[in-house]
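Here is how names work: the chains are called A, B, and so on, in the same order as the sequence lines, proteins then strands, and each is numbered from 1. Atoms considered below: every heavy atom in the structure, side chains included; atoms not considered: hydrogens, waters and symmetry mates.
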Number of protein chains: 2
Amino acid sequence: MIRISKKVEYALMALKFISDSDHKLVTAREISDKGNIPYDLLSKILQKLKNENILVSNQGMNGGYSLNKRTDEIPLFSLMTAIDGDTAIAECLHDNNDKDCCMTDTCTIKLPVTRLQKELEDLFKSKTISDFV
Amino acid sequence: MIRISKKVEYALMALKFISDSDHKLVTAREISDKGNIPYDLLSKILQKLKNENILVSNQGMNGGYSLNKRTDEIPLFSLMTAIDGDTAIAECLHDNNDKDCCMTDTCTIKLPVTRLQKELEDLFKSKTISDFV
DNA sequence: ATATATAGGACTATCTTAGTCCAAATTCAA
DNA sequence: TTGAATTTGGACTAAGATAGTCCTATATAT
Ligand code: FES
Ligand code: FES
């Protein structure tokens with residue numbers, strides 16, 4: 001069945017943690033330790049959030065992460081795409097023309113599935129991190 | 001990102017096909033041929049739909065499948081659970097107590113994720129097969 | 001009897017997700 | 001200038017889920 005990836009779960013936990021440590025810089029190590037999240041994996045996730053401008057990072061000693069936006073300005077949807085990339089709910093929805101699904105002609109459900117995709121997206125866009133902290 | 005399984009896609013195509021062949025019995029072979037769906041896989045799917053009383057089947061020669069309900073009486077949700085089983089959107093939501101997630105104590109996002117799960121379920125319950133035919 | 005169906009167990013192959021390992025690059029401070 | 005703490009990021013591996021195959025049994029109309 002349809003699932004939110006573990007990585008997004010971790011991201012939510014991390015963002016909650018960062019949000020709770022108001023404005024102090026927080027290190028990946030801290031979040032990993034307190035939250036029981038594999039360090040290396042978490043690091044990657046935080047980096048991606050940084051690349052999406054959800055977090056700001058400071059390298060080096062006494063470095064760490066902090067929020068770049070208010071939690072209610074971060075849609076769950078952008079978290080999901082930042083972390084898991086791509087966004088198609090079904091193979092029907094070939095976004096780019098290079099790797100077409102072989103059923104492009106015969107497929108009978110493309111349109112309604114597209115509609116469903118849209119509705120799900122809207123749901124995930126309407127949720128923000130503030131709903132999770 | 002979040003996805004509907006290929007099997008559910010096939011199920012939707014099959015149900016559309018059956019619904020279009022009003023009341024005639026339709027064989028798995030027909031659906032497979034016309035829809036370019038792997039026969040063996042499709043068979044399993046149709047069997048599951050039969051076990052959920054979405055379809056009725058007739059074995060033997062001249063056998064086949066037909067709908068057991070109006071398409072607007074079949075929620076997408078029941079299709080999804082019939083085919084992919086289980087229903088948890090995230091590991092947070094350990095439904096049964098035997099295989100608890102190891103983070104049960106430390107997990108900070110259980111509640112909001114449960115809420116999200118509920119909303120998604122409601123969305124999938126509100127959609128019926130009639131939206132896809 | 002036999003051809004045409006569904007029924008269903010057991011297996012394999014393929015893809016995705018989760019997690020690990022390692023080697024930079026940055027920054028602070030002694 | 002050295003060293004510890006930190007982010008950055010590529011490459012790899014392990015584990016799990018999904019998709020697909022194969023084979024045999026059972027039912028039924030003719
Ligand atoms: S399954 Fe590929 S176009 Fe619908
Ligand atoms: S991740 Fe297991 S309880 Fe939340």
Can you measure [X] atom [atom1] to [N] atom [atom2] for me and round it to whole angstrom units?
X	N	atom1	atom2	answer
A/Asp33	D/dT6	CG	P	11 Å
A/Leu49	D/dG9	CG	C1'	15 Å
B/Leu41	C/dT12	CG	P	18 Å
B/Lys6	C/dT16	NZ	C1'	15 Å
B/Asn36	D/dA19	CG	P	17 Å
A/Lys44	C/dT20	NZ	P	11 Å
A/Lys48	D/dG9	NZ	C1'	11 Å
A/Asp40	D/dT13	CG	C1'	13 Å

Out of curiosity, A/Leu120 CG to B/Ile2 CD1, how far, rounded to the nearest 0.5 Å?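 The CD1 atom of B/Ile2 is 7.0 Å from CG of A/Leu120, to the nearest 0.5 Å.
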Distance check, rounded to the nearest 0.5 Å: A/Phe17 atom CZ versus B/Ile109 atom CD1?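 A/Phe17 CZ to B/Ile109 CD1: 14.5 Å, rounded to 0.5 Å.
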Does the pair A/Lys16/A/Asp20 count as a salt bridge with the N-to-O cut at 4.0 Å?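 Yes.
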Ion pair check, B/Asp122 and B/Lys118, cut-off under 4.0 Å: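 Salt bridge: yes.
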Among residues 56-68 of chain B, which ones have heavy-atom contacts with DNA chain D below 4.0 Å?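 Under 4.0 Å from DNA chain D: B/Gln59, B/Gly60, B/Met61, B/Asn62.
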Less than 4.5 Å apart, side chain to side chain, heavy atoms only: is that true for A/Ile4 and A/Leu12?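 Contact flag for A/Ile4/A/Leu12 side chains = no.
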B/Ile54 side chain reached by B/Tyr65 side chain, heavy atoms, under 4.5 Å: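 No - every pair of side-chain heavy atoms lies 4.5 Å or more apart.
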Which one, D/dT8, C/dT17, C/dT6, comes nearest to the side chain of A/Ser5?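 The nucleotide sitting nearest to the side chain is C/dT17.
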Report whether A/Ile37 and A/Val133 are members of the same hydrophobic cluster (ILVMFWY, side-chain heavy atoms less than 4.5 Å apart, transitive linking).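 In one cluster with A/Ile37: A/Val133, yes.
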Can you tell me if B/Tyr39 touches the phosphate of C/dT6, counting only side-chain N or O atoms and a distance under 4.0 Å to OP1 or OP2?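 Checking B/Tyr39 against C/dT6: at least one side-chain N or O falls below 4.0 Å of OP1 or OP2.
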Would you say B/Tyr10 reaches D/dG20's phosphate, i.e. side-chain N/O to OP1/OP2 under 4.0 Å?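 Yes.
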Under 4.0 angstrom, heavy atoms only, what part of the nucleic acid is A/Lys50 near: base, sugar-phosphate, or nothing?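 A/Lys50: backbone/sugar contact only, no base atoms under 4.0 Å.
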Tell me which of B/Asn51 and A/Val8 sits closer to the 5' end of DNA chain C, going by the nucleotide each one is nearest to.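 The residue whose closest nucleotide sits nearer the 5' end is B/Asn51.
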